[in-house]
Amino acid sequence: MSPKTAPTASSPQKAGLPAGWLALERTPSPIRVYNTLSRSKGVFEPAEAGHVRIYACGVTPYAEAHIGHARPALIWSVIRKYLEWRGYRVTLVQNFTDVDDKIIQRARERGEDPVELAARYSEQYLSAMRRLGIRGADYYPKVSQHIPDIIAMISGLIERGIAYEVGGDVFFDVSRFPDYGKLSGQRLEELMAGTRFEADERKRSPMDFALWKAAKPGEPAWESPWGPGRPGWHIECSAMSLKYLGNGFDFHGGGMDLVFPHHENEIAQSEAYTGQQPFVRFWVHNGLVNMGAEKMSKSLGNVVSIDELLARYPAPLLRFLLLSTHYRSPLEFSDSALAEATRGWRRLNSAVHRLEQFLRDHGGLPGALAGPGDVARWRAELDGEGARYLDGLVSVPERFDAAMADDFNTAAALAVLFDLARETNGFREQLVRRGKPAPAAVEVLGGALALFRLFGGELLGVLGAEEAGAPDQPALVDNLVQLLLDVRREARERRDWATADRIRDRLRELGIVVEDTPAGSRWRMADG
RNA sequence: GGCGCAGUAGCCAAGGGGCUAAGGCGGGAGUCUGCAAAACUCCUAUUCGGCGGUUCGAGUCCGCCCUGCGCCUCCA
């Protein structure tokens, strides 16, 4: 059970949570998580004190990663960061099923080696996730590197009389596992009645599934007690999760479409093998990403690749869109959804950027951390308005925590950030209007920035980009626009409104929006 | 056919027995600004697909129905 042989382990980082009032000082909310197995929310405590063990079903790397793959990866990376903020150590494992029928088929079509093809797409997937700002798992085990573990598990199942070999294939005997169907709510009789495919004659029951497949000519194969072959689908997740996390780990995640048969079969294999239950304490399934009304899937050919999206949209915006819907709900992905998300996302970010600007202008300390002593001092120094704002600020960690603790409700957590943005904009504007803000007020706003950075930046990763100007534009564009704005400023100083408006209107026609602020004019690219 | 998930304002979307049904987008009215944009303030669901039931009390629980989606064959 030692994970030291992990192929592509990234070193777990420390949570690095700030001290003081930014961390949760009041009673943390009990973490409640929806469990597919019980079809209800249950209070979560890790089986091993202080340590949360998670296995998230990864991908079969035979094509480019699409946005549907990003959802679970993003969710689990956010969940792990939240749990770490709550003070847990987290071990996250995500597999690559790099030995598989589809990979073999694709490789054959292209005249490529299947293992190489899988390796290439695995890298592509990891790169796409990195660019989405998704913090990696601790281990990314691959089937091709765990064949001995899988063979050992299959052998164990045969010894216990739960699996049987026929002509080089090994099948799991579902009749030997009375709980079969407990995850998906299916009954064995119904499943067999509904069988729509032609069953392999050699199987004892049509529902028996392959643990090991005998090699056909030209397929990648490994030696085994049953002759050359390769693992069936399902067994790899049982073998690798047990290897890296041990039995009875905390969360097993994956898309809703994996509930049956994949996870059902995993439970059957694993619990039959260990003789103990539960194999997994919480089964967590995310809703699918739809294109229009239909599921996005490679077989339907309606996928949007992450590379395409990243070429057109900033990663934090894509994360914002994905996190705006609770993870269990289906999410419709479309240009209009993207356009609407952009408007909300921009307001959140512009609140942060203006706050940063304010702090620069007033010598504030961006992200200044504060202890309870500071809060008390601020409260004494602030006027009524300031104290009211401070009260709202102090409640943010608690409210954010309550949202996330309730089945990792990122949509509700984002609402907390929108509240913070509105209140911060209001308070900041009021200070600007009155002029000469009190030092305590500036410090409080420094604290607000720290909250944005912790929750919006560190934990959810929805902040960034979209500064004034347009970062992706060449410096020449920036300089030219700046030149026009200088000319316009001079016109405005002369009260030559006609010229000033003409410059603004013409730029607008070119897709550049000019906004005048007390600190000068700024520009950005229009939506587009 | 079986199993499962969902239907909340014009749109997106939280909430899942009892405080005025979060938040975002859009729309309306105001404040500020040369005008605009942005921002802020107020307004925008007597009601949660339909019909019954349980309960002192139901978007919230139960039953039936309607609609959409997913799984039962590879899928995150």
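The structure displayed is predicted, hence computed values, not measured ones. Sequence lines set the chain letters: A, B, ... in the order given, protein chains first and strands last, and positions in each chain run from 1.
Glycosidic conformation, B:G53: anti, with the torsion outside 90° of 0.
Between A:Phe320 and A:Leu463 there is no side-chain heavy-atom pair separated by less than 4.5 Å.
In this structure A:Arg110 satisfies the salt bridge (charged side-chain N to carboxylate O under 4.0 Å, His left out) test with no other residue, sequence neighbours excluded.
If you take atom C1' in B:U55 and the same atom in B:U67, they sit 29 Å apart, rounded to whole Å. B:G70 and B:G27: their P atoms are spaced 33 Å apart (whole Å). Comparing the P positions of B:C65 and B:A22 gives an interatomic distance of 34 Å, to the nearest angstrom. If you take atom P in B:U46 and the same atom in B:G34, they sit 41 Å apart, rounded to whole Å. When the P atom is used for both B:A9 and B:C72, the distance is 32 Å, rounded to whole Å. Here the separation of B:A58 from B:A21, taken at their P atoms, is 14 Å to the nearest Å. For B:C61 and B:U8, the P atoms lie 16 Å apart once the distance is rounded to whole Å. The C1' atoms of B:C35 and B:C19 are separated by 46 Å, rounded to the nearest whole Å.
Checked for salt-bridge contact, A:Arg53 and A:Asp138 miss the test: no charged N lies under 4.0 Å from a carboxylate O. Salt bridge annotation for A:Glu429-A:Arg433: present, with a cationic side-chain nitrogen under 4.0 angstrom from a carboxylate oxygen. Taking a cutoff of 4.0 Å between a charged side-chain nitrogen and a carboxylate oxygen, A:Lys142 and A:Asp98 do not qualify as a salt bridge. Salt-bridge formation is not detected for the pair A:Asp501/A:Arg492: no Lys NZ or Arg NE/NH1/NH2 atom is positioned less than 4.0 Å from an Asp or Glu carboxylate oxygen. Using a 4.0 Å cut-off between charged side-chain N and carboxylate O, A:Asp419 and A:Arg399 make a salt bridge. A salt bridge does not link A:Arg522 with A:Asp516: none of the charged nitrogens is closer than 4.0 Å to a carboxylate oxygen.
Looking at RNA chain B, the stems built from 3 or more consecutive Watson-Crick or G-U wobble pairs, each pair with its key distances under 3.5 Å, are B:1-7 with B:66-72, B:10-12 with B:23-25, B:26-31 with B:39-44, B:49-53 with B:61-65.
In summary, the aromatic rings of A:Phe171 and A:Phe209 are positioned with their centroids too far apart to meet the 6.0 Å limit.
Per the geometry, CG belonging to A:Leu485 stands 13 Å off C1' belonging to B:A37, to the nearest Å. Atom CZ in A:Arg524 sits roughly 12 Å away from atom C1' in B:A39 (whole-Å rounding). The distance between atom NE2 of A:His263 and atom P of B:A76, rounded to the nearest whole Å, is 10 Å. The CD atom of A:Glu236 sits 11 Å away from the P atom of B:A76 (whole-angstrom rounding). Atom C1' of nucleotide B:C72 and atom CZ of A:Arg187 are separated by 14 Å, given to the nearest angstrom. When the P atom of B:C72 is taken as reference, atom NE2 of A:His262 falls 13 Å away, rounded to whole Å. In this structure, the CD1 atom of A:Ile512 is 17 Å from the P atom of B:A38, given to the nearest Å. When rounded to the nearest whole Å, the span between CG of A:Asn265 and C1' of B:U73 equals 13 Å.
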Side-chain donor-acceptor pairs of residues 180-187 of chain A under 3.5 Å, sequence neighbours excluded:
from	atom 1	to	atom 2	distance (Å)
A:Tyr180	OH	A:Asn265	OD1	2.5
A:Lys182	NZ	A:Asp179	OD2	3.4
A:Lys182	NZ	A:Glu271	OE1	2.8
A:Lys182	NZ	A:Gln277	OE1	3.1
A:Ser184	OG	A:Glu264	OE1	2.6
A:Arg187	NH2	A:Glu190	OE2	2.6

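Contact annotation for A:Gly253: no contact, since no heavy-atom pair falls under 4.0 Å across all strands. Among the atoms of the strands shown, only primed sugar atoms or phosphate atoms (P, OP1, OP2) are found under 4.0 Å from some heavy atom of A:Gly254.
Remark on RNA chain B: of its neighbouring residues A:Phe260 and A:Gln186, the 5'-side contact belongs to A:Gln186, judged by nearest-heavy-atom nucleotide. Position along RNA chain B of the nearest nucleotide to A:Arg71 versus A:Arg354 favours A:Arg354 as the more 5'-ward residue.
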Q: Apply side-chain hydrogen bond (donor to acceptor under 3.5 Å, both in side chains) to the pair A:Asp173 and A:Ser175, showing each step before the final yes or no.
A: CA-CA 5 Å; A:Asp173 185 344; A:Ser175 71; 2.6 Å; yes
**Q.** Candidate pair A:Tyr244 and A:Phe249, rule ring-ring contact (aromatic ring centres under 6.0 Å, His included), full reasoning
**A.** CA-CA 10 Å; A:Tyr244 288 90; A:Phe249 57 90; over 10 Å; no
Q.
Assess the residue pair A:Asp486 and A:Arg489 against the criterion (side-chain contact (heavy atoms from CB on, under 4.5 Å)); give the C-alpha distance rounded to whole Å, side-chain angles, the decisive distance to 0.1 Å, and a yes or no.
A. CA-CA 5 Å; A:Asp486 283 346; A:Arg489 178 174 48 77; 3.8 Å; yes
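Ring geometry for A:Tyr327 against A:Phe408 counts as tilted: the plane angle lies between 30° and 60°, on a 0 to 90° scale.
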Can you name the atoms? Protein N/O to nucleotides 31-34 of chain B N/O, anything below 3.5 Å, with the distance.
from	atom 1	to	atom 2	distance (Å)
B:G34	O6	A:Arg492	NE	3.4
B:G34	N1	A:Asp501	OD1	3.0
B:G34	N2	A:Asp501	OD2	2.8

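Interface residues of residues 414-422 of chain A facing RNA chain B, ordered by number: A:Ala415, A:Phe418, A:Asp419, A:Arg422; criterion, heavy-atom separation under 4.0 Å.
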Q) When every nucleotide of nucleotides 4-18 of chain B is labelled 5' to 3' by its protein contacts under 4.0 Å (heavy atoms), B for base, S for sugar-phosphate only, - for none, what sequence of letters results? A) SS-----BSSSS---
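Using modelled atom types, one finds a donor on one side chain and an acceptor on the other under 3.5 Å when comparing A:Thr424 with A:Tyr389.
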